[in-house]
Enquirer: 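The structure that follows is given in the form of structure tokens.
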Amino acid sequence: MPTRPTSVRRPLRARLRVSFLYAWALVHTFRWTLLLATAAVMLGGLLFSITPHPKNLGGAKPDTLMSLYGAWSALYGQALFNPPEVWYLEVLHGVYPLIGFVLLGEGVVRFALLMTSRRRGEREWMSVMASTFRDHVVLCGLGHLGSRILELLEAEGADVVVVERDGTSRFAIEAKERGNPVLIDDMRDDRVLNQAGIAHARCLIAATNDDMANLEVALDARRINPKIRVLIRFLDQRIGAKIQDAFDLDEAFSSAALAAPIIARKALEAVAGRAERG
């Protein structure tokens, strides 16, 4: 009975890098919200800092920190000085709560949904993770062969984005649990390859049981990223060799051809061991 593949635990350095990628992914996802909120605070802070406040500060102008705090508070509907002493600060306190509701409220909701997506391993978070990867490997197909390839790549510390059609697959679930982005979709869709970061990937491995699908995704990957290294699985090794030459692919392999030398070596070792005992 075949043994269940053992999950590979990444070294500390790799796990820290994954955590950094998580944080960067969040910043990238909410970049416009953060930029607009920062611009609003800076503009409001400028208006506060150039305005004397006779009633509250004896005619002095607030310092930089107080000005920025006043603008930030205005986004939440809180007035630093009540009532505002000039007309443009009155306008600011009337408009900024609406801006805060749109920017910060919408951002909080999106963040909550994204965190829920992360906990559940849903597509939104997987796409966010994949978008941060560079010089990584895109692995299409996560059956028995694909899962073993993934474990070996993980053991070498490689970043891998997985594309798998069956979201209920045991291997797909285990890959997500180990922190790999797994896109559940059809690898033959250019949109999916782009989400997997194929334009920035170093290598594509097509390891499904469908020879034509493997060839199609290999050609699509080379079209999107002419410099990518392409390795594809072919059940028929002879046809694979012809395809490799015809389409200038880096490697066409079959699991049977890869396993044959290992099995033969094990058999020879057994024969040699019996001869020594005899």
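Below, each value reflects all heavy atoms present in this structure, side chains not excepted, and no hydrogens, waters or symmetry copies.
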Enquirer: Work out which heavy atom in Met66 is nearest to a heavy atom in Leu80; give both atom names and the distance.
Expert: O-CD2, 3.5 Å
Enquirer: Can you tell me how far CG of Leu150 sits from CG of Leu139, rounded to the nearest 0.5 angstrom?
Expert: 6.0 Å
Enquirer: Is the closest side-chain heavy-atom distance between Arg222 and Ile228 below 4.5 Å?
Expert: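 In contact.
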Enquirer: Are Val86 and Tyr69 linked, directly or through intermediate hydrophobic residues, by side-chain heavy-atom contacts shorter than 4.5 Å (ILVMFWY only)?
Expert: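 Result: yes, single cluster for both.
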Enquirer: Just how far is it from atom CD1 of Ile198 to atom CZ of Phe133, taken to the nearest 0.5 Å?
Expert: 13.5 Å
Enquirer: Do Ile50 and Phe48 belong together in a cluster built from hydrophobic side chains that touch within less than 4.5 Å?
Expert: yes
Enquirer: Could you tell me whether a side-chain N or O of Ser73 sits under 3.5 Å from a main-chain N or O of Gly70, the two making a donor and an acceptor?
Expert: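 Side chain of Ser73 to backbone of Gly70: no pair is present.
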Enquirer: To the nearest 0.5 Å, tell me how far Leu142 CG sits from Thr208 OG1.
Expert: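 Here the interatomic distance stands at 11.5 Å.
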Enquirer: Working to the nearest 0.5 angstrom, can you tell me the gap between Lys176 NZ and Arg178 CZ?
Expert: 13.0 Å
Enquirer: Side chains of Cys203 and Leu231: closer than 4.5 Å at any heavy-atom pair?
Expert: yes
Enquirer: Does the distance from a Lys or Arg side-chain N to an Asp or Glu carboxylate O, for Asp185 and Arg191, drop under 4.0 Å?
Expert: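 Between Arg191 and Asp185 there is a salt bridge, with a charged N closer than 4.0 Å to a carboxylate O.
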Enquirer: Side-chain heavy atoms under 4.5 angstrom apart, residues restricted to Ile, Leu, Val, Met, Phe, Trp, Tyr: same cluster for Met212 and Phe234?
Expert: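 Yes; tracing contacts between hydrophobic side chains, which count when under 4.5 Å, links both residues.
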Enquirer: Could you measure the distance from the CG atom of Asp189 to the CG atom of Asp220? Nearest 0.5 Å is fine.
Expert: 9.5 Å
Enquirer: Are Val192 and Asp186 side-chain neighbours, meaning at least one heavy-atom pair lies under 4.5 Å?
Expert: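 Side-chain contact under 4.5 Å: no.
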Enquirer: Looking only at non-hydrogen atoms, find the nearest pair between Gly59 and Pro52 and report the distance.
Expert: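 Looking at all heavy atoms of both residues, the closest pair is O-CB, 3.4 Å.
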Enquirer: Taking C-beta and beyond as the side chain, do Phe81 and Leu57 meet within less than 4.5 Å on heavy atoms?
Expert: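 Result yes, sub-4.5 Å side-chain heavy-atom pair found.
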Enquirer: Are any side-chain N or O atoms of Glu164 and backbone N or O atoms of Ala172, one a donor and one an acceptor, separated by less than 3.5 Å?
Expert: no
Enquirer: Going hydrophobic residue to hydrophobic residue with side-chain gaps under 4.5 angstrom, can you get from Leu36 over to Phe101?
Expert: no
Enquirer: Start with the C-alpha distance between Arg202 and Arg229, add both sets of side-chain angles, then the distance that settles side chain to side chain contact (heavy atoms under 4.5 Å, CB included), and finish with yes or no.
Expert: CA-CA 6 Å; Arg202 178 174 298 178; Arg229 181 174 175 80; 5.7 Å; no
Enquirer: For residues His200 and Asn225, report the shortest heavy-atom separation together with the two atoms involved.
Expert: N-ND2, 4.4 Å
Enquirer: Please report the shortest heavy-atom distance between Ala79 and His93, naming the atom on each side.
Expert: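 Looking at all heavy atoms of both residues, the shortest contact is CA-NE2, 3.5 Å.
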Enquirer: Please lay out, stage by stage, how Leu204 and Cys140 fare under the test side chain to side chain contact (heavy atoms under 4.5 Å, CB included).
Expert: CA-CA 8 Å; Leu204 169 86; Cys140 297; 3.7 Å; yes
Enquirer: Output the distance between atom CD (Glu216) and atom CE (Met187), rounded to the nearest 0.5 Å.
Expert: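 Answer for the CD-CE pair, Glu216 versus Met187, is 8.0 Å.
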Enquirer: Could you walk me through whether Val161 and Gln195 pass side chain to side chain contact (heavy atoms under 4.5 Å, CB included), step by step?
Expert: CA-CA 10 Å; Val161 176; Gln195 287 181 346; over 6 Å; no
Enquirer: Decide yes or no for Ile205 and Leu153: does some side-chain heavy atom of the first lie under 4.5 Å from some side-chain heavy atom of the second?
Expert: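 When only atoms from C-beta onward are counted, Leu153 and Ile205 do touch, with a gap below 4.5 Å.
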Enquirer: Which pair of non-hydrogen atoms, one from Ala218 and one from Ile232, has the smallest distance, and what is that distance?
Expert: CB-CG2, 3.4 Å
Enquirer: Check whether Asn180 reaches the backbone of Ala175 with its side chain - one donor and one acceptor, N or O, closer than 3.5 Å.
Expert: yes
Enquirer: Can you tell whether the side chains of Asp190 and Arg223 come within less than 4.0 Å, N to carboxylate O?
Expert: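 Yes.
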Enquirer: Please check if Tyr76 and Val91 belong to a single hydrophobic cluster, counting links between Ile, Leu, Val, Met, Phe, Trp and Tyr side chain heavy atoms closer than 4.5 Å.
Expert: yes
Enquirer: Can you check whether Leu75 reaches Val41 side chain to side chain, under 4.5 Å on heavy atoms?
Expert: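 Yes, their side chains come closer than 4.5 Å.
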Enquirer: Just one of Asp210, Asp211, Asn209 clears the side-chain hydrogen bond (donor to acceptor under 3.5 Å, both in side chains) bar with Arg233, so which one?
Expert: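 Only one option passes, and that is Asn209.
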Enquirer: Are His53 and Leu89 packed together at the side-chain level, in the sense that at least one heavy-atom pair is separated by less than 4.5 angstrom?
Expert: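 SC-SC contact between His53 and Leu89 confirmed.
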Enquirer: Can you check side chain to side chain contact (heavy atoms under 4.5 Å, CB included) on Glu156 and Leu152, steps first, answer last?
Expert: CA-CA 7 Å; Glu156 295 297 325; Leu152 293 173; 6.0 Å; no
Enquirer: Can a donor-acceptor pair be found, under 3.5 Å and without considering hydrogens, that links the side chain of Ser169 to the backbone of Asp166?
Expert: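 Such a contact is absent between Ser169 side chain and Asp166 backbone.
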Enquirer: Show the nearest heavy-atom pair for residues Ala207 and Gly146, with the distance to one decimal.
Expert: CB-CA, 4.5 Å
Enquirer: Can you see whether Thr51 engages Tyr88 through a side-chain donor-acceptor pair at a distance of less than 3.5 angstrom?
Expert: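 Yes, Tyr88 and Thr51 have a side-chain donor paired with an acceptor closer than 3.5 Å.
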Enquirer: Less than 4.5 Å apart, side chain to side chain, heavy atoms only: is that true for Leu219 and Leu215?
Expert: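 Side chain of Leu219 against side chain of Leu215, heavy atoms only: contact under 4.5 Å found.
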